[in-house]
Protein chains: 2
Amino acid sequence: MPAERPRPTIADVAERAGVSKGLVSFALNGRPGVSPQTRDRILEVARELGWQPSLRARALSVNRAFALGLVITRDPEIITGDPFYPSFIAGVERELAPAGQALVLSVVPDEEAELAAYRKLVADRRVDGVFITDLRHDDARIELARELNVPAVTLGHPETPSPFPAVSMDDRAGIEAAVDHLVRLGHRRIAHVAGPARMLHGSRRRRAFEDAMARAGLPADLVVETDFRAADGARATRDLLAPPDAPTAIVYANDPMAIAGLGFAQRTGLRVPDDLSITGFDGSDVGEHLFPALSTVATEAAGWGAVAARVLLRSIAGEEPGDTDLPPARFVPRESTAPAPPSPPANG
Amino acid sequence: MPAERPRPTIADVAERAGVSKGLVSFALNGRPGVSPQTRDRILEVARELGWQPSLRARALSVNRAFALGLVITRDPEIITGDPFYPSFIAGVERELAPAGQALVLSVVPDEEAELAAYRKLVADRRVDGVFITDLRHDDARIELARELNVPAVTLGHPETPSPFPAVSMDDRAGIEAAVDHLVRLGHRRIAHVAGPARMLHGSRRRRAFEDAMARAGLPADLVVETDFRAADGARATRDLLAPPDAPTAIVYANDPMAIAGLGFAQRTGLRVPDDLSITGFDGSDVGEHLFPALSTVATEAAGWGAVAARVLLRSIAGEEPGDTDLPPARFVPRESTAPAPPSPPANG
DNA sequence: ATCGGAGGCTATACCGGTTTAGGTGAGTCC
DNA sequence: GGACTCACCTAAACCGGTATAGCCTCCGAT
């Protein structure tokens with residue numbers, strides 16, 4: 001067994017090159033005050049020795065973590081179905097890796113643990129900045145991040161005044177396009193299976209639904225609030241379809257619920273889209289392969305992650321990046337939406 | 001604006017308590033050689049000052065990162081549908097958070113970037129140990145981890161001799177149960193839509209399928225290899241159903257493909273399960289809400305993550321945890337499997 | 001000839017912990 | 001009463017980088 005050779009330090013490089021530690025540091029960081037020959041010699045020796053800077057030592061002396069923090073709050077059940085985060089994270093990584101930064105991920109079951117997770121991340125100085133996703137009304141995390149004095153970026157504009165840059169994607173447009181599409185197809189009774197009202201995107205999508213309905217001169221009286229879980233989608237669909245004046249179209253606030261809703265409708269013998277039109281939200285690729293393929297609203301989660309990461313890095317670097325607006329979510333009509341069925345003969 | 005007060009260091013605590021830095025360190029780490037009164041005083045002062053140890057300083061001096069690394073290799077397309085990792089990560093976190101450890105996540109597009117990611121994680125000493133998931137034949141990561149001299153845990157037993165503890169879940173049992181179930185229902189032409197052969201679980205599930213078929217005295221001639229993507233599931237299903245002697249049941253190696261396969265079958269007018277039975281793998285909760293609800297193999301990804309994390313932590317602590325076998329994956333019959341349709345009249 | 005200044009470099013403090021070698025004083029043993 | 005032990009504590013080195021003050025040396029300007 002070969003002896004465990006300790007990795008070379010900057011002192012080894014300095015000694016071998018016959019200069020001081022400080023000069024090595026200067027040379028390696030490309031700072032002025034080092035003659036070209038000396039610089040080359042130092043670089044050469046460093047290469048020769050296979051020297052790699054110790055991120056830990058650097059972290060301690062420059063007081064940086066070289067990492068960003070993401071806290072995901074999801075009850076364990078819902079997390080499996082949600083297509084958003086995996087894509088979002090892939091986008092974040094695309095930006096972080098080349099910048100030599102890492103992503104520290106925390107997955108917590110509830111909002112209490114969430115705040116604790118942010119506190120811990122910052123207390124340990126594990127990260128230089130944090131993502132704040134899934135904004136809620138009166139979101140305590142804004143205040144917490146301010147109090148902890150940690151750079152942050154919010155996904156979407158918070159309601160309360162926030163000192164942090166926001167990277168937003170207009171999801172209203174997608175919902176409105178979905179409703180308009182359904183209205184054009186002749187639907188009059190359109191329901192919405194909404195996300196939790198305490199979440200900004202939950203209530204914003206609902207509001208967009210209501211506005212679009214109002215513009216079409218239709219009542220937005222069929223709205224069910226849920227927790228974004230597939231099971232909720234099935235339950236909400238059951239409740240919506242039970243009464244005699246059931247909707248002919250349902251706009252779901254995410255794909256897993258739409259898929260479950262589709263399943264429920266089919267189970268009761270309804271034909272989708274002939275008897276009932278259905279739209280989802282977030283464009284998981286599996287929806288494309290259902291029968292009927294799910295009409296949905298595509299949100300470019302990966303691009304969102306990349307931009308948010310970039311903004312956060314600039315924010316940490318001391319710039320003050322303004323708010324960013326991403327291209328709005330696009331409605332993608334597929335097969336689960338069709339002209340409204342002929343209305344049943346009026347009763348009386 | 002309040003002046004940015006620097007956080008207290010161990011020196012501040014020492015001074016205020018009238019002792020040396022070293023003694024404070026001893027007291028706070030509960031080491032012997034500190035009188036009870038002094039210890040209490042130090043603890044009190046630390047509390048009073050709101051002192052929090054600097055993880056960075058600790059990391060530098062004890063040469064630990066207090067973090068574990070997970071590298072996920074997924075082409076951006078597939079990642080959205082796969083229910084495994086989100087659950088797995090949630091399980092890992094459940095174990096790490098109480099242990100004061102963090103998870104550093106890397107998401108990379110291909111195997112080349114994967115090796116680079118491991119190297120980088122270790123070169124930067126960002127992590128004290130790594131998870132090796134999605135084992136492949138002749139997996140280069142085993143050798144890399146050994147070379148990098150970093151503790152690791154593998155999900156499943158690698159084929160090549162490995163110095164690392166393995167945490168395994170027998171997925172053969174689930175596949176076999178699925179096949180047995182189909183055979184009992186009278187199916188004779190059963191196909192398998194397999195994962196990539198280069199992946200251990202891909203080929204192992206395929207092998208389990210073949211073995212189960214052999215035991216039932218049936219030919220395992222209908223196997224299509226794929227890349228685990230939903231689109232692959234649809235394509236494979238199309239190819240399987242085209243010939244005249246099409247299968248009456250298909251065992252898919254994961255849920256997204258099964259869902260896409262279900263969609264394709266329905267699209268061609270086949271009734272599932274009456275004309276075609278279908279089983280998935282990995283038990284995403286959305287499958288439960290499809291119509292018909294997807295029969296699948298449940299794998300307890302969260303439990304797997306928790307155990308793997310625990311094993312890795314023990315491994316880092318210098319113990320030599322043996323291999324662990326988790327309860328085997330269970331077949332969960334739901335609605336997408338039914339008795340085989342009566343065979344068509346033989347031709348000639 | 002003298003001074004000023006810039007370029008190139010060294011020495012050293014510093015980040016905030018942990019760890020080790022040693023020092024003190026009280027009690028014990030013979 | 002001297003040596004020894006032990007509990008408790010301090011001082012200082014150390015982890016591996018970065019940052020800063022200051023020291024030469026050489027050059028051109030006066």
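Keep in mind that the numbers below use all heavy atoms, side chains included, and drop hydrogens, waters and symmetry copies. Letters A, B, ... are given to chains in the order of the sequence lines, protein chains preceding strands, and every chain is numbered from 1.
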[X] side-chain N/O to [N] phosphate OP1/OP2 under 4.0 Å:
{"X": "B:R64", "N": "C:dT18", "answer": "no"}
{"X": "B:W51", "N": "C:dG16", "answer": "no"}
{"X": "B:T38", "N": "D:dC9", "answer": "yes"}

Residue met sooner reading DNA chain C from 5', once A:G33 and A:G22 are mapped to nucleotides: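 On the 5' side of the pair lies A:G33.
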Which nucleotide in [options] has an atom nearest any side-chain atom of [X]:
{"X": "A:R58", "options": "D:dT18, C:dG17, C:dC9", "answer": "D:dT18"}
{"X": "A:S61", "options": "D:dG17, C:dT10, C:dG17", "answer": "D:dG17"}
{"X": "B:R31", "options": "C:dC9, C:dT19, D:dG16", "answer": "C:dT19"}
{"X": "B:S25", "options": "C:dT18, D:dT18, C:dT20", "answer": "C:dT18"}
{"X": "A:S54", "options": "C:dT10, D:dC9, D:dG17", "answer": "D:dG17"}

Roughly, in whole Å, what's the span from [atom1] in [X] to [atom2] in [N]?
{"X": "A:F26", "N": "C:dA11", "atom1": "CZ", "atom2": "C1'", "result": "12 Å"}
{"X": "B:N29", "N": "C:dG17", "atom1": "CG", "atom2": "C1'", "result": "10 Å"}
{"X": "A:E15", "N": "C:dT10", "atom1": "CD", "atom2": "C1'", "result": "15 Å"}
{"X": "A:L55", "N": "D:dG16", "atom1": "CG", "atom2": "C1'", "result": "11 Å"}
{"X": "B:R56", "N": "D:dG16", "atom1": "CZ", "atom2": "C1'", "result": "15 Å"}
{"X": "B:L28", "N": "C:dG17", "atom1": "CG", "atom2": "P", "result": "9 Å"}
{"X": "B:L23", "N": "C:dA21", "atom1": "CG", "atom2": "P", "result": "18 Å"}

B:N63 and A:R56 side chains, donor-acceptor separation under 3.5 Å: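 Side-chain D/A pair, A:R56 to B:N63: present.
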Closest-nucleotide 5' rank along DNA chain D - winner of B:L60 and B:V34: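 First, find each residue's nearest nucleotide; the 5'-ward one identifies B:V34.
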B:D323 side chain to B:P165 backbone, donor-acceptor under 3.5 Å: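 The answer is no, because no donor-acceptor pair under 3.5 Å joins these two groups.
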B:P321 backbone acceptor or donor facing B:R314 side chain under 3.5 Å: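 Between the backbone of B:P321 and the side chain of B:R314 there is no qualifying donor-acceptor contact (under 3.5 Å).
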Worked check of side-chain contact (heavy atoms from CB on, under 4.5 Å) between A:V153 and A:F164: CA-CA 6 Å; A:V153 59; A:F164 305 115; 6.0 Å; no
Sugar-phosphate only, base, or nothing, as touched by A:Q52 at under 4.0 Å among non-hydrogen atoms: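 The residue A:Q52 makes sugar-phosphate contact but no base contact.
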Sugar-phosphate, base or nothing in reach of B:N63, heavy atoms under 4.0 Å: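 Since no nucleic acid heavy atom lies under 4.0 Å of B:N63, the category is nothing.
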Under-3.5 Å donor-acceptor pair between B:K21 side chain and C:dG17 base: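 Yes, the side chain and the base share a sub-3.5 Å donor-acceptor pair.
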Sidechain N-carboxylate O distance under 4.0 Å for A:R41, A:E48: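 Salt bridge flag = no for A:E48 with A:R41.
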